[in-house]
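Have a look at the structure below, then the notes.
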Amino acid sequence: MSERYDAHTIEAKWQARWASAGVDAASDDPADTRPRYYCLVMFPYPSGNLHMGHVRNYCLGDAVARYKRMRGFNVLHPIGWDAFGLPAENAAIKHGRSPAEWTWANIAQMRAQLRRLGLSYDWSREIATCHPDYYRWEQWLFTRLLDKGLAYQAEAEVNWCEACHTVLANEQVEDGACWRCDTPVTRKRLRQWFIRITAYAEELLADLDRLSGWPARVVEMQRNWIGKSVGAEVRFPLCGRKDALTVFTTRPDTLMGVTYLALAAGHPLVQERAREDAQLAAFVAECARSSTREADIETMEKRGMPLGIEAEHPVTGERIPVWVANFVLMGYGTGAVMSVPAHDARDFAFAQKYGLPIKQVVAPVDGEWDLAQGAFCEDGVLMASGAFDGLDSATARARITEWLEARGLGKARVQYRLRDWLVSRQRYWGAPIPVVHCPECGVVPVPDEDLPVRLPTDLRPTGAGSPLADCDAFRQTRCPRCKGAAERELDTFDTFMESSWYMNRYTSPRNTRAMVDARAMARWAPVDQYIGGVEHAVLHLLYARFYHKLMRDLGLFTSEEGGDEPFVNLLTQGMVLKDGAKMSKSKGNTVDPNALIERMGADTARLFTLFAAPPEKDLEWNDAGVDGAHRFLNRVWRLQHRLADWPEGASDTAACKALRFAVHDTIRKVTHAFEHGFAFNVAIAALMELANALQAFSVAGVHARAVFREGLEALVTMLAPFVPHFACEMGERLGFETMATLRAWPEVDEAALARDEVTLVVQVQGKKRGEVTVAKDADRDAVLAAARADAAIAKWLDGMDIVKVILVPGRLLNIVVRPR
RNA sequence: GCCGGGAUGGUGGAAUCGGUAGACACACGGGACUUAAAAUCCCGAGGAUGGCAACAUCCGUGCGGGUUCGACUCCCGCUCCCGGCACCA
């Protein structure tokens, strides 16, 4: 009975028991009437080694899943592998193994590491995205998108990472560099595959308002990323030519103030002129160079050149010059802007530099504006705008847009910053894009019966281009339409394609008939609680929302079955830091989870990870803190020995009552943490307080022993979501009839929280001057009388008149006085 | 530049609705046990001033104002830090 806490023996024992009892599986039995809960953590890339970020992520998810089970929910808590991706290829080049071999070996290794942490996953639903049974459905979906015109091939200026030797989507470029390897991204014109996420821009934006369970900043980041702006398209006919320039503006109210047009260097009209003008060509070439160095854009000087072309103002017919300017982007709007120097700071600076006219057409609502102080960029009242004079900016925007529309000179338009998702990659280790290039029929989607298009798994990338190009068995095929010789598409999908729908696949992971099963979706989706790093705020989390809507609109499930959004609640956990910096091999500040588990056990690792910081904040690793967590478990462990020879005698009922109060107050606090915000650091602190109270409780007698036992059992039960092995072992020794992790969550006994007496803080003038203990329902006069009876308080009332007395029941009494 | 979030002891952090600031833990100091150490247990601790001490008083949640009987919490104005976006027309 007095043996010591031995984490390794206990952990191995319970992991085996849980596995053989199958306690972690989610039930698909229709007869199971328990309420359902879907808890999901972002699945890992199988690098082969678990790091502390993973540990934190999965411990958070596991605590939630286990708590919900104890609350009587049928919990879906799955795990799998985001198994395609570049590191596998790089490792394959380095170690001479195929990416497939390398990946599957890593999966085996990481699976073992996760199991050692004692995470309660439903392993029967494990998926790996590199498995053809998985990516087959993504290929299927893509062919449907092709049918609907939502997927297309186009030549475009794209982001190219030289180190990864592939293109990147806009979301995957951070600060002008590749999100994965930090290599500066260059621009290239290439023919690539896109998915029309812009067709869903409005819904993706509007539904952000429904994500009340998401952190505000993630919602805000997505809103920024989608970047909606409402305005108008305006046509400016070109003088002496048949064509016209179309610009996009959010300020049609300033139309009368346009004094020049500015075009991007990449604009077709500029390109055309540059062929005849060497000076212009040199300028354009310079712009093309500098545009790749996005970090410098901020400090870049605004420069331009006249094109020697004039355009006609659509209202006044005035001739206005057309310029090329280095600050106009080809990729946004129409690549052309109307410049209104009087009402735009950037246009103002440009006009001043090149001596272009500045014409004020909007005045502040209350007064004058002196253009010497710069541009007036606010809304105001129109002036010098003919028929539109006197209108406020908002009305003028609508009227002027209507005016243009009526004359075919423009129209209202909404512009988004979001661009279509570039999904093709010039890499081998990814899901093949299911199309065939036929010399006769062109691009032909692979028909359903020929799916999946299997990726050959035995190829060895060398680093010089995709090995698929040299694999005739893959490359050469027959056209599904004309049956003639044809070639397969050699690009593979962006790996974000796989991670965009895995949460839905988990609901019916072995489904061979469809991508997902509508009934299973109705049972589980959407995810109730999603947990992962904030770094995916506009990558994975945006793509997944988009994919969910695509799947819905393809009829895989309805809004009622699967919801319109994949994740109801999102928790973005902070990073794990050491010495104030993110752990990394190059900095040499890593903590190896395996070594930690080896030394202290999984439960200690879990406990410290959850205790050291609130989940959404960064966690500073502290080895001494880990020792502290281990000490705590030892202390709780020893509490059980107290039951063996409890001293006889008469119990002190007041002390027993105080302990019961502490027990039930703790239940209240810990439950609150699980139900509101997952502040596990606070929950664990409360459990530590309870352990301290139990340890300090030294009252003799059978009643006291029973009270102590109740407290210890509650403590062990509430520890189960955090340190499940420990709790199960303690529970078994305490004689629990079921495993601690399967017990019902303790209920608060309100009677235990009732008190006959309360201690109130007494303030004079809002400053604490003492405490009084009074009957629970004592009224203001009674409390005041008690306060005056206390010498330490009374001395502050000497020579004073009491002006006012405020009683906050159960908390405090504040006496407001005035010198007599 | 714009949009978020934050700033509390030596450290990580707590404080439910405006009601005892610093829970819990780490680190530290003192003590008990021990031949000794480890382990364990007990005690102390925001700062300043006075006092042998118990204790007392004042100050204190980035800075300056305000509202309130009462402000870490609400309002106004700043400073700094972190994150995101950014010639976006």
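Just so it is clear: chains get the letters A, B, ... in the order the sequence lines come, proteins before strands, and each one is counted from 1.
- Nucleic acid contact for G227(A): none, since no nucleic acid atom lies under 4.0 Å from a heavy atom of the residue.
- Using P as the reference atom, rC55(B) and rG65(B) are 35 Å apart when rounded to the nearest Å.
- Judged by distance alone, the side chains of T604(A) and Y5(A) never bring a donor and an acceptor atom under 3.5 Å apart.
- The stretch residues 607-617 of chain A comes close to RNA chain B through F611(A), A612(A), P614(A), K617(A), each having a heavy atom under 4.0 Å from the strand.
- Other residues, nucleotides and ligands contribute only 12 or fewer heavy atoms inside 6.0 Å of the NZ atom of K582(A).
- Checked for salt-bridge contact, E220(A) and R217(A) miss the test: no charged N lies under 4.0 Å from a carboxylate O.
- Electrostatic pairing of R397(A) and D379(A) counts as a salt bridge here, judged by a charged N lying under 4.0 Å from a carboxylate O.
- Two residues are said to be in side-chain contact when any heavy atoms from C-beta on lie closer than 4.5 Å; W621(A) and D623(A) meet this criterion.
- Below the 3.5 angstrom threshold, one finds no donor paired with an acceptor across the side chain of N224(A) and the base of rC85(B).
- The R417(A) side chain lies nearest to rC88(B) when the options are rG70(B), rU20(B), rC88(B).
- Side-chain N/O atoms of Q763(A) include none lying less than 4.0 angstrom from OP1 or OP2 on rG19(B).
- Classified by its glycosidic torsion, rC17(B) falls in the syn category, the angle being within 90° of 0.
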Protein-proximity profile, nucleotides 55-62 of chain B, B/S/- by nucleotide at the 4.0 Å heavy-atom cutoff, equals -SSSS---

Could you spell out the base pairing of RNA chain B as a dot-bracket line? Use Watson-Crick and G-U wobble contacts where both distances are under 3.5 Å, [ ] for crossing pairs, | for partners on a different strand. (((((((..(((......[....))).(((((.......))))).(((((....)))))..(((((..]....))))))))))))....

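- For rC69(B), the OP1/OP2 oxygens have a side-chain nitrogen or oxygen of K804(A) closer than 4.0 Å.
- Rounded to an integer number of Å, the gap from E689(A) CD to rC24(B) C1' is 6 Å.
- Aromatic ring centres of F611(A) and F680(A): separated by at least 6.0 Å.
- Atom CZ of R788(A) has 12 or fewer neighbouring heavy atoms from other residues, nucleotides or ligands inside a 6.0 Å radius.
- By the 30° and 60° cut-offs, the orientation of the rings of H536(A) relative to H540(A) is perpendicular.
- Here the two rings, on F327(A) and F350(A), have centers that are under 6.0 Å apart.
- At a threshold of 4.0 Å, the pair D665(A)-K669(A) counts as salt-bridged, since one of the basic side-chain nitrogens sits closer than that to a carboxylate oxygen.
- At the phosphate of rA25(B), OP1 or OP2 sits under 4.0 Å from a side-chain N or O atom of R635(A).
- Between S229(A) and the phosphate of rA89(B), there is a side-chain N or O to OP1/OP2 separation shorter than 4.0 Å.
- Look at K302(A) and D347(A) and you find no salt bridge, because none of the NZ, NE, NH1 or NH2 atoms lies under 4.0 Å from a carboxylate O.
- Across all strands, R631(A) comes closer than 4.0 Å only to sugar-phosphate atoms, never to a base (heavy-atom distances).
- As judged by a 4.0 angstrom heavy-atom cut-off over every strand, V761(A) is placed among the base-contacting residues.
- Atom-to-atom, NE2 of H630(A) to C1' of rA38(B) comes out at 14 Å; the value is rounded to the nearest Å.
- Taking 4.0 angstrom as the limit, R638(A) places a side-chain polar atom (N or O) nearer than this to OP1 or OP2 of rC41(B).
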